[in-house]
Amino acid sequence: MLQIKNLTKIYDGGVKALDNVSFDVPDGQFLAVIGLSGSGKSTLLRCINRLIEPTDGQILWNGEDITKASPEEMRRIRRKIGMVFQHFNLVHRSKVITNVLAGRLGYINPAWSLLNRFPKADMEKAIKQLERVGIADKANQRADELSGGQQQRVGIARALMQDPEMILADEPVASLDPVLAHSIMKHLEDINDKDGVTVLCSLHFLDLVHRYADRVVALNEGKLVFEGMPREIDDQKFKDIYGRDAERVG
Amino acid sequence: MENKNKKASPWKSLQFGLAILAGLLVYAYGFQITKVDLEDLRSERRQESLTRAVRELARPEIFEYEQAEEIINAPIYVPCPTGEVPSLPEPDKSGPYLIVTPSCAAAGETVRVEGYNFAADTKGPLRFIPGSDPTNVVEIGRDNVQTDADGSFVHEMILPERLSEDVQYLRATLRHNVGTPHLTRTAYDTWDKIVETVFLALLATTFGTFLAIPLSFIAARNLMKPVKSPLSSIALSLLGWPLGIALGYLVVRWVNGLSDPFAENIPVNLVSILLMPTLVWLGIRWALPQEEITQPPLNLRLARLGVLFLTILVSFFGLFQLASLARNLGLAGISALGPFAFLGNFLFQVGDIVSIITPALGGLAAGAALSSLMGRIGLRSAEKLTSASVKLFNIVFATLAGAVTFGLLGQLVEWLYRIDQPWYTLWGPVLTGALLGLALAVFTKAKDTLPTGLVIYYVTRTLLNGLRSVEALVMALVFVIAVGIGPLAGAMALGLHTIVSLAKLYSEQVESIMAGPLEAIQATGANRLQTIVYAVIPQIIPPYISYTMYRWDINVRMSTIIGFVGGGGIGFLLQQNINLLNYRAASAQMLAIAIVVASMDYISSVLREKYV
């Protein structure tokens with residue numbers, strides 16, 4: 001169970017990215033986070049694994065307060081939270097397999113990382129994850145030789161390497177075409193169904209939300225403006241979320 | 001709008017005119033300052049020496065022929081003796097010979113000299129030999145002759161004012177090239193020195209690069225800015241440095257003492273060198289498990305720390321043994337290897353370097369280790385203790401850390417300037433540091449984190465910029481004093497300059513890497529070190545390679561002139577030859593520099609294309 005309580009983030013310039021946001025996510029749920037660009041979706045997801053330090057509020061995960069965790073505790077929390085990014089964020093010049101293995105870094109003793117060594121079991125595991133997302137044959141290619149869809153699958157494999165209990169997906173399909181978008185979303189759905197991993201996924205397209213999400217939270221200018229089932233988003237709610245002048249597409 | 005433009009126009013023209021006038025003034029003054037005066041250029045003497053210098057520069061002294069000489073003397077009386085002219089012997093016509101007509105004449109008169117049977121197309125001086133000794137080396141006159149295709153010549157020469165009643169001589173020395181051309185002495189010297197130059201640059205670049213890489217990380221803003229720690233942690237790690245360095249140095253010296261009795265014993269050397277890595281490997285495997293899912297209990301962690309410490313002691317013992325083995329083998333090699341004695345010397349020197357720097361290295365490593373350990377203790381206590389006790393903790397340790405740090409800095413000043421007044425260099429700084437630490441502890445909130453990373457970043461940047469502004473030539477002057485005239489001084493100066501300038505260039509590359517992968521690696525739970533290894537290093541390899549190449553290029557060029565101040569390399573030779581007005585030799589050296597720099601340029605562009 002992930003509990004967000006009164007989460008607020010004010011950036012150095014005074015911009016209020018999150019304003020007193022509270023909601024709960026039960027284990028194993030597929031939660032979609034929607035809202036306009038700049039509404040605070042990315043900030044929200046990054047506050048959960050503290051890539052961004054929240055200004056105020058609490059984030060409780062299985063009872064442990066993430067916002068109060070020491071660096072050592074944070075390392076142990078982060079390795080249970082996989083993250084998938086809009087721009088994939090692979091290390092371009094490294095091999096695909098190295099990128100996937102990097103998901104294991106939270107478990108590896110840093111001294112061994114200095115020597116660039118991973119245990120054998122991890123190597124086998126990395127190949128298995130690549131097989132799961134269907135690109136095991138690309139293991140020894142450089143990451144930037146892959147197409148966008150393939151790179152995002154490497155990103156998912158990297159998150160899976162962490163044996164995650166939760167995956168934060170920050171607009172995972174925003175840079176992909178609709179066909180690829182569905183294939184990536186299916187992978188996330190599969191992980192959510194089969195492995196029982198909680199997924200927090202920010203999305204732009206409502207059809208994707210309807211198709212994949214169990215529940216939706218919506219942000220507008222850092223405020224939580226909607227929380228409920230995808231089918232509950234009617235025209236009125238839509239205008240609350242996206243503003244009065246918005247029109248529905250898709 | 002148009003109107004406005006028109007109004008502004010006279011003012012603008014005036015401005016323009018004034019700007020031109022100011023420019024002219026500046027240039028006029030510049031001419032005065034730089035002493036632009038072409039009068040000298042017009043003088044014939046200058047033009048003559050310029051022509052000579054340019055001509056000599058155009059003929060680098062690289063190849064020469066073996067020269068064959070034919071030296072023939074012919075007798076002559078100057079002036080004609082009174083009475084009968086003694087008959088002169090007929091020249092031997094089987095070889096080359098000279099005929100002088102008339103056989104006697106007064107000084108200042110012209111005689112006709114004919115030469116026959118010389119080698120065809122040869123050149124050389126025809127001189128007057130004063131005194132009556134035909135082997136006299138003194139020659140007078142500036143006449144030169146050249147034989148035709150038959151090997152003969154005719155020349156009219158004026159006799160000099162050297163009067164004698166005895167017979168005197170004229171001498172033709174005709175030289176011609178024989179055989180194939182071969183390299184001159186200058187060419188060999190130039191080769192020796194250019195090799196020295198290239199290796200000097202190589203050493204400076206490689207060592208500089210190795211040290212610049214870690215520096216570049218702490219001089220990169222994006223990596224250092226997130227580094228923040230509470231005061232308790234900063235104070236303890238500051239205290240940890242000097243303590244660790246002192247302890248580490250002592251311990252490593254102790255290990256050195258243990259190793260010394262076996263220094264000359266090659267079998268012991270060999271056995272320990274074979275045994276050590278195994279022990280170290282086992283120790284590391286046990287003490288540093290590759291993966292750990294749960295936090296181990298405290299006593300296991302302490303046991304691991306102990307084993308790690310023992311492992312490090314063992315590895316230092318191994319290092320000292322390795323150093324003595326290298327020295328022993330090196331010494332044996334120098335006498336046994338003949339032409340490859342340099343390999344023996346290399347081994348010996350490496351062993352020597354290892355044995356010299358190991359204690360220092362051990363001290364630094366222990367300093368870093370203790371500092372990070374104590375920093376961690378500070379961090380932990382800031383997390384676990386109550387605010388009030390953290391405050392007390394901060395007050396005690398920040399005061400102590402400030403006192404120790406400033407005291408040590410004061411002692412450095414004392415060592416540098418020998419002020420010899422403990423109040424200024426010991427007690428004063430200690431008090432100031434203590435007060436500053438106390439003030440910091442009192443005025444910051446107990447558990448607040450301070451921007452340690454940024455402070456380190458600014459200090460490093462300032463040091464780098466300061467050192468970078470000192471030219472390598474100037475640094476070489478200092479190193480010449482430290483290690484004597486020679487290529488080592490040059491290599492050290494260039495190396496130091498390489499470190500500081502590459503660290504800056506590198507760190508700018510680190511600052512411009514993509515933030516995305518960094519974020520992704522951090523999100524996996526990787527710590528700072530792992531983030532650098534897996535997200536930063538892969539991204540900076542191409543620019544690092546190209547900057548290193550560029551620096552290697554600069555170092556080769558710099559090393560050609562570092563010899564001007566005694567730093568070894570070809571510069572020394574070049575400077576000497578220029579000072580001796582030996583332009584042909586200087587030209588050979590300049591040619592060598594040009595060839596090396598051009599080929600470096602070519603090689604580096606090929607490599608860059610291949611790897612970047």
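All values derive from a computational prediction rather than experimental measurement. Numbered from 1 within each chain, the chains take letters A, B, ... in sequence-line order.
- Using a 4.5 Å cut-off between heavy atoms, B:Ile532 does not touch chain A at all.
- Counting non-hydrogen atoms of other residues, nucleotides and ligands closer than 6.0 Å to CZ of B:Arg376 gives a total of 12 or fewer.
- Shown here for A:Asn49 and A:Met74, the closest heavy-atom pair between the two residues is O-CE, 3.6 Å.
- Atom CZ of B:Phe210 is surrounded by 12 or fewer heavy atoms from other residues, nucleotides or ligands within 6.0 Å.
- Proximity to chain B (any heavy atom under 4.5 Å) is restricted, for A:His92, to the side chain, taken from C-beta onward.
- A:Val84 approaches A:Ala159 most closely through the heavy-atom pair CG2-CB, 4.2 Å.
- Chosen from A:Lys68, A:Arg46, A:Lys80, A:Arg50, the residue pairing most often with chain B at heavy-atom distances under 4.5 Å is A:Arg46.
- Ring geometry, B:Tyr544 versus B:Tyr506: the interplanar angle falls under 30°, so the pair is classed parallel (tilted spans 30 to 60°).
- Among the candidates B:Glu519, B:Arg528, B:Gln522, the residue making the largest number of heavy-atom pairs closer than 4.5 Å to chain A is B:Glu519.
- Listed options B:Ala382, B:Ala523, B:Pro226 were ranked by heavy-atom pairs under 4.5 angstrom with chain A; first place goes to B:Ala523.
- At least one donor-acceptor pair under 3.5 Å links the side chain of B:Thr452 to the backbone N or O of B:Leu450.
- In this structure, A:Lys125 pairs ionically with A:Asp163, as a charged nitrogen and a carboxylate oxygen lie closer than 4.0 Å.
- Residue with the most contacts toward chain B among A:Gly103, A:Ser94, A:Ala111: A:Gly103 (heavy-atom pairs, distance under 4.5 Å).
- Using a 4.5 Å cut-off between heavy atoms, A:Ile108 touches chain B through backbone and side chain atoms alike.
- When heavy atoms are compared at a cutoff of 4.5 Å, A:Asp122 approaches chain B solely by way of its side chain, counted from C-beta outward.
- For A:Thr198 (side chain) and A:Gly28 (main-chain N/O), a donor-acceptor pair under 3.5 Å exists by modelled atom type.
- Looking at B:Glu383, only its side chain comes within 4.5 Å of chain A, counting heavy atoms on both sides.
- Residue contact with chain B, scored on non-hydrogen atoms closer than 4.5 Å, is absent for A:Gln86.
- Both the backbone and the side chain of A:Tyr107 come within less than 4.5 Å of a heavy atom of chain B.
- Here the side chains of B:Leu211 and B:Leu215 are not in contact, with every heavy-atom distance at 4.5 Å or above.
- With chain B as partner, the option from A:Arg117, A:Arg104, A:Arg158 having the largest number of non-hydrogen pairs under 4.5 angstrom is A:Arg104.
- For chain B, no part of A:Phe88 is nearby; none of its heavy atoms comes within less than 4.5 Å.
- Scanning all heavy atoms of the two residues, the minimum distance from B:Leu239 to B:Met374 falls at CB-CE, 4.2 Å.
- Note: A:Leu51 leads A:Leu51, A:Leu168, A:Thr98, A:Ile77 in heavy-atom pairs under 4.5 Å with chain B.
- Looking at A:Glu72, the atoms closer than 4.5 Å to chain B (heavy atoms on both sides) all sit in the side chain, from C-beta outward.
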